[in-house]
Amino acid sequence: MKNIQDAALTLLLRQPIETHILPAHLYRSDSLAQEIEKACVPKNDLSRTDILNILVKYFYAYIYPDSMDSSINLKDISVCFNQFIHRRLGTPLLWDKIDLRRSLLKYGFSLAMLADLPKSAHIFHEIALSKIDPDKFKGFFLGIDIGAGTGILMLAQMVAARKNEFDKIKITGIERDKPTFERTRLIADKLNLGTMLLGDAKKRLTYSFLSNDSVTFISNETLPGVSARLWKEDFIVINKMLFDSYETLLRLTHFFPNQVYARDKSTERVIILNRDNNFYNTNQYPLRLMYPYAIELDNAACPLTEIGWEYAALLQDPWPDILSHRW
Ligand SMILES: C[S@@+](CC[C@H](N)C(=O)[O-])C[C@H]1O[C@@H](n2cnc3c(N)ncnc32)[C@H](O)[C@@H]1O
């Protein structure tokens with residue numbers, strides 16, 4: 001009976017994608033830890049290939065935290081992405097791997113953000129290559145990653161801090177989902193990314209770790225997708241609380257995103273949210289009813305749906321169409 005049951009279940013399984021996620025000539029055998037060290041050296045470039053190597057190895061390390069110092073081959077990374085995208089419907093690659101499948105489901109939401117490799121890479125590039133003057137912050141990089149998920153933007157902030165040669169770095173990631181918080185704390189500890197904090201980023205109390213130091217960088221990717229109104233996520237509520245409570249610490253802060261374009265679909269009216277209006281303070285049509293449609297990247301408005309297209313072109317087909325989408 002068991003064999004008949006198993007045979008029936010295998011009929012439902014999805015076949016893995018046969019191509020590797022990256023072409024072999026773009027993939028390097030260096031470990032994640034080595035990739036990060038290279039990225040942090042101020043004089044080193046950070047090319048698209050460098051960023052994709054970091055992201056796919058970070059993804060693997062999130063699932064296998066002991067792998068950070070090891071050289072992982074491209075086949076194993078591709079198997080891991082295959083297992084992730086088929087975590088719900090199943091695949092022969094997950095057969096009998098119940099614990100792994102549970103982990104992929106448990107961390108599914110935050111891993112899905114990271115697994116949008118084109119968009120994650122473009123955002124990573126924007127943050128990691130920010131030009132920030134350490135003298136304005138007395139050499140102290142104080143970063144906050146709001147809605148940290150896997151912690152990938154904490155890593156991007158860490159690269160920015162080290163590339164800009166800050167003397168002291170303190171990055172705090174805030175996450176409200178407990179399983180994600182616990183796993184990201186483990187990863188952040190191992191990679192020295194900073195401190196994870198379990199809490200609601202809308203609440204003032206969550207920021208009680210702040211004292212009198214200026215905040216250097218805030219990443220806050222709590223934006224809904226283009227088809228959802230702004231109230232669906234906490235972006236404007238978080239900004240209102242932050243600027244109402246801590247405005248003096250935010251005068252010099254660099255933000256990601258530093259501009260959000262929201263629109264009213266019926267009139268096509270557009271509102272730009274940025275630090276001039278504290279990312280929420282507009283007197284227009286109720287902001288919470290508007291839809292986000294672009295953020296500023298590379299000093300220009302980039303529609304959310306088009307973020308990362310240059311990175312998508314570097315992945316092997318059919319992966320760009322199959323990976324999850326942030327927005
Ligand atoms: C869109 S994901 C982004 C994750 C990560 N920053 C990245 O770029 O991959 C948003 C994350 O923020 C968390 N989040 C959303 N609202 C939050 C809130 N009010 N307080 C704390 N975490 C929040 C969610 O649990 C989720 O992990």
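In listed order, ligands and their atoms are each counted from 1.
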For this session: For the residue pair F81 and W319, categorise the inter-ring angle as parallel (less than 30°), tilted (30 to 60°) or perpendicular (more than 60°).
Result: perpendicular
Problem set entry | Aromatic plane relationship, Y107 with Y62 - under 30° parallel, 30 to 60° tilted, over 60° perpendicular | perpendicular
Seminar exercise, completed: Heavy-atom contacts under 4.0 Å to ligand 1, chain-then-number order, include exactly F109, M113, G147, A148, G149, I152, L153, E175, R176, G199, D200, A201, K202, E221, T222, D234, R326
Problem set entry | With sequence neighbours excluded, residues passing side-chain contact (heavy atoms from CB on, under 4.5 Å) with S130 | I132, F217
Exercise. Side chains of Q157 and S219: donor-acceptor distance under 3.5 Å anywhere?
Worked result: yes
Could you tabulate the donor-acceptor pairs under 3.5 Å formed by side-chain atoms of residues 320-327, not counting sequence neighbours?
residue	atom	partner	partner atom	Å
S324	OG	A112	O	2.7
R326	NE	M113	O	3.3
R326	NE	S120	OG	3.2
R326	NH1	E221	OE2	2.3
R326	NH2	S120	OG	3.1
W327	NE1	L223	O	3.3

Problem set entry | Under the salt bridge (charged side-chain N to carboxylate O under 4.0 Å, His left out) test, residues paired with E37 that sit two or more places apart | R162
